[in-house]
Amino acid sequence: MHEANWGEAVGEVKSDIEIARAARKQPIMEVGAKLGIPPEHLLPYGHDKAKVSAEFIAAQNEKRNGRLILVTAINPTPAGEGKTTTTVGLGDGLNRIGKKAIVCIREASLGPCFGIKGGAAGGGYAQVVPMEDINLHFTGDFHAITSAHNLLSALIDNHIYWGNEQAIDIRRIAWRRVIDMNDRALRQIVGSLGGVANGYPRETGFDITVASEVMAILCLAMDIKDLEKRLGNIIIGYRRDKSPVFARDIKADGAMAVLLKDAMQPNLVQTLENNPAFVHGGPFANIAHGCNSVVATTTALKLADYVVTEAGFGADLGAEKFFDIKCRKAGLTPDAAVIVATVRAIKMNGGVKREDLGRESVEAVRKGCANLGRHIQNVKKFGVPVLVAINHFTSDTEAEVRAIKDYVRTLGSEAVLCKHWAEGSAGIEELAYKVVDLANAGHSQFSPLYPDEMPLFQKIETIAKDIYHASEVIADKLVREQLRTWEEQGYGDLPICMAKTQYSFSTDPNLRGAPTGHAVPIREVRLAAGAGFIVVITGEIMTMPGLPKVPSSERIRLNEQGYIEGLF
């Protein structure tokens, strides 16, 4: 479908939820038919969402892949960048110009939804629907991940209670619990209080579900067998001799895989223009690897000529992890990347206060472009050609837009003004044509930033110095010894997953622009042996966020008509 189906609504200023509710959705079976998915291989959740069967996915293996397009962004600011909106808009734009394209994005976490962020499924006339469902319980994938994770937690304490056959040292249990909510009170707790019947008291805590290794495993596993193997490889803790104890040692992997059987299958929905979209998986990009599932992406590549996917937050986090973790593990080769920026966000990086963003300041744009330029240069280090999407706001001036275009041209790339938020696919046609040309030109020479065999600490330094432009990495003796121990145990070839603030290239969220010469302090390292990476926690980053003083939940309610208000 090439024309937006909201008729006279284009041009009117409506909220995202009003636009989403006005959408004329097609039955999900019709959306699946566009991709050649027979009805018997779609597991419907109502009329507008469905899971794609594992049998159908396996049958696509021999088909050739389409082109893979990554959408990333500059560092996020309160002014907004619109990465998901641009991802969805570009997918619609490619379909508009006659290409067969699929959008692949992540599922939303309830924590930020009720905390500070609100809904996350695009915006304006570039959205995926049903928006309320996608942002709330959707098809239950996150609940399944939470349950599988906490099943393992329960089995660990139960194993110790009934004699501790594996001789787990309760001082060295590495597996915590998770909940899909921002709750700072659960970061550090003491469990099993109340006497002998309740087990052995010990210190533990909760992470948010999107930081769970089970989430990462589901998003990196190739199929259900690979999933179960990875679950078995989870290190739950250590014995007194410091030898690792695995989830398979307490026979947890099979039951966990059963809980994840349906969650492993990608979710099919549609954009406002009735184009197909996979929404599957949702690891955070600041505390996890920030990409949708490998299964969704690889399946989409078999079903379409172009697959548009995104990586969370700025390119320093999401794109780096997409390239160094997801592409490395799944054997993916991206053909092009699009970096999303707004005039407003660039002006914030140039020192303009939020309340002054509506005033023209070409000088601030030129100053703030340093952040955009750093991201362009970083993505090119992976051998991937780059375009810039300027996500349009009505307050943008021609001089400000021209300043960005001129700057990007000096770096050997091109910036395109995009109006998909207001105009849908019609507003992003130019970018769609240029993406097709760039992806088909064969310029991509993708290579990860570092080789598998590089020592772990050197990998951390490479990311910090080459991507963050830091002068040094600060790590105490215990961290360095832990990394060396993992290398001796055979984990030295794993990639690094940096847990870092999304707001800056540094570990200081208030340091905007393109800082250099800063230090990256490492607070903790965690081995995610099942997922297949080392988590490196820097600065003040938390794996269990807290709620703000005025959480978004205060505005969310059901109105008299039974509609959800305040979510978007």
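For reference, positions follow the sequence shown, starting with 1.
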G36 versus F56, closest heavy-atom pair with distance: O-CE1, 3.6 Å
If you count the non-hydrogen atoms of other residues, nucleotides and ligands that lie under 6.0 Å from CD in E540, is the total more than 12? no
How would you list, by chain and number, every residue that makes a side chain to side chain donor-acceptor pair (under 3.5 Å) with Q60, sequence neighbours excluded? K63
Give a yes-or-no answer on whether the side chains of D316 and N75 include a donor-acceptor pair shorter than 3.5 Å. yes
For K326, the salt bridge (Lys or Arg N to Asp or Glu O under 4.0 Å) test, sequence neighbours excluded, returns none
For residues L152 and M256, determine if any side-chain heavy atom of one lies less than 4.5 Å from a side-chain heavy atom of the other. yes
E400 (side chain) donor-acceptor with S361 (main chain) under 3.5 angstrom: yes
Residues in side-chain contact (heavy atoms from CB on, under 4.5 Å) with A221, at least two apart? D226, L227, R230, M264
Taking only residues two or more places apart in sequence, or in another chain, which ones meet H41 in a side chain to side chain donor-acceptor pair (under 3.5 Å)? S53
With no hydrogens and no angle check, do the side chains of N391 and T342 hold a donor and an acceptor under 3.5 Å apart? no
Excluding sequence neighbours, so at least two apart, what forms ring pair (Phe, Tyr, Trp, His ring centres under 6.0 Å) with F323? F382, F446
For R176, salt bridge (Lys or Arg N to Asp or Glu O under 4.0 Å) partners two or more places apart: D207
Over all heavy atoms of both residues, which pair between P112 and S109 is shortest? Give the atoms and the distance, please. CD-OG, 3.2 Å
Is it the case that the side chains of N292 and T309 hold a donor-acceptor pair, with the cut-off being a distance below 3.5 Å and no angle test? yes
Checking side-chain polar atoms at under 3.5 Å, does T85 have a donor or acceptor matched by the opposite partner on H420? no
Apply side-chain contact (heavy atoms from CB on, under 4.5 Å) to D16 and list each qualifying residue two or more places apart in sequence or on a separate chain. Q127, M131, W421, F568
Considering only residues two or more places apart or on different chains, which pairs with a residue in residues 135-149 satisfy salt bridge (charged side-chain N to carboxylate O under 4.0 Å, His left out)? K51-D141
Has the side chain of Q270 got a donor or acceptor atom that lies under 3.5 Å from a matching backbone atom of V31? no
Is R359 paired with D356 through a side-chain N to carboxylate O contact shorter than 4.0 Å? yes
Any chance the side chains of N95 and E273 put a donor and an acceptor closer than 3.5 Å? no
I'd like to check the salt bridge (Lys or Arg N to Asp or Glu O under 4.0 Å) partners of E132; sequence neighbours left out, ordered by chain and number. R21
D183: partners by salt bridge (Lys or Arg N to Asp or Glu O under 4.0 Å), with sequence neighbours left out: none
Using the test ring pair (Phe, Tyr, Trp, His ring centres under 6.0 Å), find all partners of H137 that sit at least two apart in sequence or belong to another chain. H143
Counting N and O atoms only, with roles assigned by atom type, does the side chain of T209 sit under 3.5 Å from a partner on the main chain of T146, one being a donor and the other an acceptor? no
Please confirm whether the backbone N or O of P27 pairs with a side-chain atom of E30, one donor and one acceptor, at under 3.5 Å? no
Could you go step by step and tell me if H280 and F138 meet the ring-ring contact (aromatic ring centres under 6.0 Å, His included) rule? CA-CA 10 Å; H280 193 221; F138 200 25; 9.2 Å; no
Do any pairs count as a salt bridge (charged side-chain N to carboxylate O under 4.0 Å, His left out) and have a residue in residues 549-562, sequence neighbours left out, and if so which ones? none
Kindly say whether V294 contributes a backbone atom to a donor-acceptor pair with the side chain of K329 at under 3.5 angstrom? no
Ignoring hydrogens and angles, tell me if any N or O in the side chain of R344 forms a donor-acceptor pair with the backbone of L357 under 3.5 Å. no
Report yes or no: does E81 contribute a side-chain atom to a donor-acceptor pair with the main-chain N or O of T77 at less than 3.5 Å? yes
